[in-house]
Amino acid sequence: MAKLQPVRGTHDLIGDEARSHLAIAGAAREIAERYGFAPMATPIFEFTEVFQRTLGDTSDIVTKEMYTFEDKGGNSLTLRPEGTAGVARAFISGGLQNELPLKCFYHGPMFRHERPQKGRQRQFHQFGVELIGVAEPTADVEVIAMAADILDTLGILSETTLELNTLGDAQSKEQYREALVAYFSGVSDKLSEESRDRLVRNPLRILDSKDAGDRALLADAPRFDDYMTEEAAAFFAAVQDGLETVGVAFKRNPHIVRGLDYYSHTAFEFTTEALGAQGTVLAGGRYDGLIETMGGPRTPGVGWGAGLERLAMMTDAAPAVTRAITLVGLGEAGEREALRLSGVLRHAGLTVELVYKGGLKRGLKRADRINAAVAVLIGDDELERGTVTVRNLDTGEQSDVAIADLKDHLAAYR
RNA sequence: GUGGCUGUAGCUCAGUUGGUUAGAGCGCCUGGUUGUGAUCCAGGAGGCCGUGGGUUCAAAUCCCAUCAGCCACCCCA
């Protein structure tokens, strides 16, 4: 039992858990299609450089969390830690430049070598969307509105907060970065050890530090809004206007910083208190520089990713399942007739469970256990009359039904 | 990567100051006469006590290591 363990941070999805993932992805998909997005599936691994170049050499994901290995041809490959890079790569290598805008959604496993905890696994699943080729703020609005719609149909929108921020354009970002470095360098002796490190690697990160001392310093830190270019400010204003128009509530949070280098302008997170420390349920932003960084034509984009495990934890209730009709064949002839009828009923759209072995008692017991609605008893007595016994498992009522009429008799259980 | 807590049957857990055949509930299987499920009764299967070392006459119990889970930091979905 201890010999065969699942790999650390992986998790088997069984029964209702698997069903709930499918249901969530299905609901998300339905809404994405309503927004005119098309499905897309990219490989689960890519050449390592695909992620290295796009995520930035300083990001934690690249520096310590990637599952990288060499294949038999000597290529360095990496299990995808997120979905956007793969889509961008497909966009470039597939020559999709001529079909802008590209609107797609995907879902599947992602891999990050992190220490597991609540809401965080090494293999987890994301549903994500990308809207590539539209530089207008309407794209940001639409994509965020879709996210809100999805959370709403899952019944958890009210438990989340949309936190919104802008990282500005490259110029704003750079000016602000310099101002931050100047400010924090002056007080670096008061910074936490971690933030001193961030000061060199990624100063923006200091903004979302949880350290109390750091937070105190933030009060007097330069404010991003003072360093934004006019264009960047106008863009952000348009996004906020749009969200109001569409009726999506948000909260400005100047401390939201995306972990990945390719983001600019809009950055947002839907967060919740319900999940402990890993409160981000869906997050994304605009990545206008990404595709160019990867060697493609300069092309803007916006998108987000949502963690299915986290969503599933919030939508506790298992999705409803159609109750089955259980066929209990007794004796050789009965079993054969049950098998034949199973096909007839299934083709008629009914959910059918066959009892594979054992007698009547066991058959009913099994029907009870799987919460079947009806048991159909097929024994020699019935066969002689050309009927079957239909037993309603809730009321215990039984009736004889001619075999030829069975399909219609059970129509209500479709 | 760092820290805290935990690891006994399929599941939830007991297991006294180390002491002989490791327990319960639920679940599972069989039976309680002929073809009727959730109740009831009787029986049964199922444990390298996470793994590897050590201390001891004796370890599920003590020590060390290791693996895994949970929670937090970090980071993020």
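For clarity, every value in this text was computed on a predicted model and none was experimentally measured. Note on naming: letters A, B, ... go to the chains in the order of the sequence lines (proteins, then strands), and numbering restarts at 1 for each one.
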* Looking only at side-chain atoms of A:Ala283, point me to the closest of B:C29, B:U36, B:A77. => B:A77
* Starting at the 5' end of RNA chain B, which residue's closest nucleotide do you reach first, A:Gln121 or A:Leu360? -> A:Leu360
* In whole angstrom, give the distance that lies between atom CZ of A:Arg115 and atom P of B:C5. => 13 Å
* **Donor-acceptor contact below 3.5 Å, side chain A:Tyr176 vs main chain A:Pro222** => yes
* Structure fact -> All heavy atoms of A:Ala88 vs all of A:Met294, minimum pair found to be CB-SD, 3.5 Å
* Structure fact -> A:Asp394 atom CG is separated from B:U36 atom P, nearest whole Å, by 20 Å
* Structure fact -> Comparing A:Thr280 with A:Pro116, nearest RNA chain B nucleotide closer to 5' gives the residue A:Pro116
* **Ring centre gap for A:His125 and A:His21 strictly below 6.0 Å** => yes
* Structure fact -> So, with a heavy-atom separation below 4.0 Å from RNA chain B, the residues of residues 396-414 of chain A are A:Gly396, A:Gln398
* Asked: Looking across every strand, which nucleic acid part, if any, lies under 4.0 Å from A:Gly119 by heavy atom: base, sugar-phosphate, or nothing?
  -> base
* Report yes if a side-chain nitrogen or oxygen of A:Gln117 is closer than 4.0 Å to either non-bridging phosphate oxygen (OP1 or OP2) of B:C70; otherwise report no. => no
* B:U66 and B:G4: how far apart are their P atoms, nearest whole angstrom? -> 13 Å
* Nearest to the side chain of A:Leu377, which nucleotide is it out of B:A77, B:G35, B:C29? -> B:G35
* Interatomic distance, A:Thr78 atom OG1 to A:Glu46 atom CD [nearest 0.5 angstrom] -> 9.5 Å
* Asked: Base, sugar-phosphate, or nothing for A:Arg8, non-hydrogen atoms under 4.0 angstrom?
  -> sugar-phosphate
* To do: Would you state whether a donor and an acceptor, one from the side chain of A:Arg198 and one from the base of B:C75, lie under 3.5 Å apart?
  => no
* Asked: Which string of ( ) [ ] | and . matches RNA chain B, if you list each base 5' to 3' and count Watson-Crick or G-U pairs only when both distances are under 3.5 Å?
  -> (((((((..((((.....[...)))).(((((.......))))).....(((((..]....))))))))))))....
* To do: Output the single nucleotide from B:A38, B:C75, B:C71 whose closest atom is nearest the side chain of A:Asp368.
  => B:A38
* Closest to side chain of A:Thr389, choosing from B:G35, B:C74, B:C76 -> B:G35
* Asked: Closest to the A:Arg120 side chain: B:C73, B:U36, B:C29?
  -> B:C73
* To do: Could you state the atom-to-atom distance from CD of A:Glu130 to P of B:A77 in whole Å?
  => 12 Å
* Sugar-phosphate, base or nothing in reach of A:Leu282, heavy atoms under 4.0 Å -> sugar-phosphate
* Asked: When we call it a touch if two heavy atoms are under 4.0 Å apart, what does A:Gly9 touch: a base, just sugar-phosphate, or nothing?
  -> sugar-phosphate
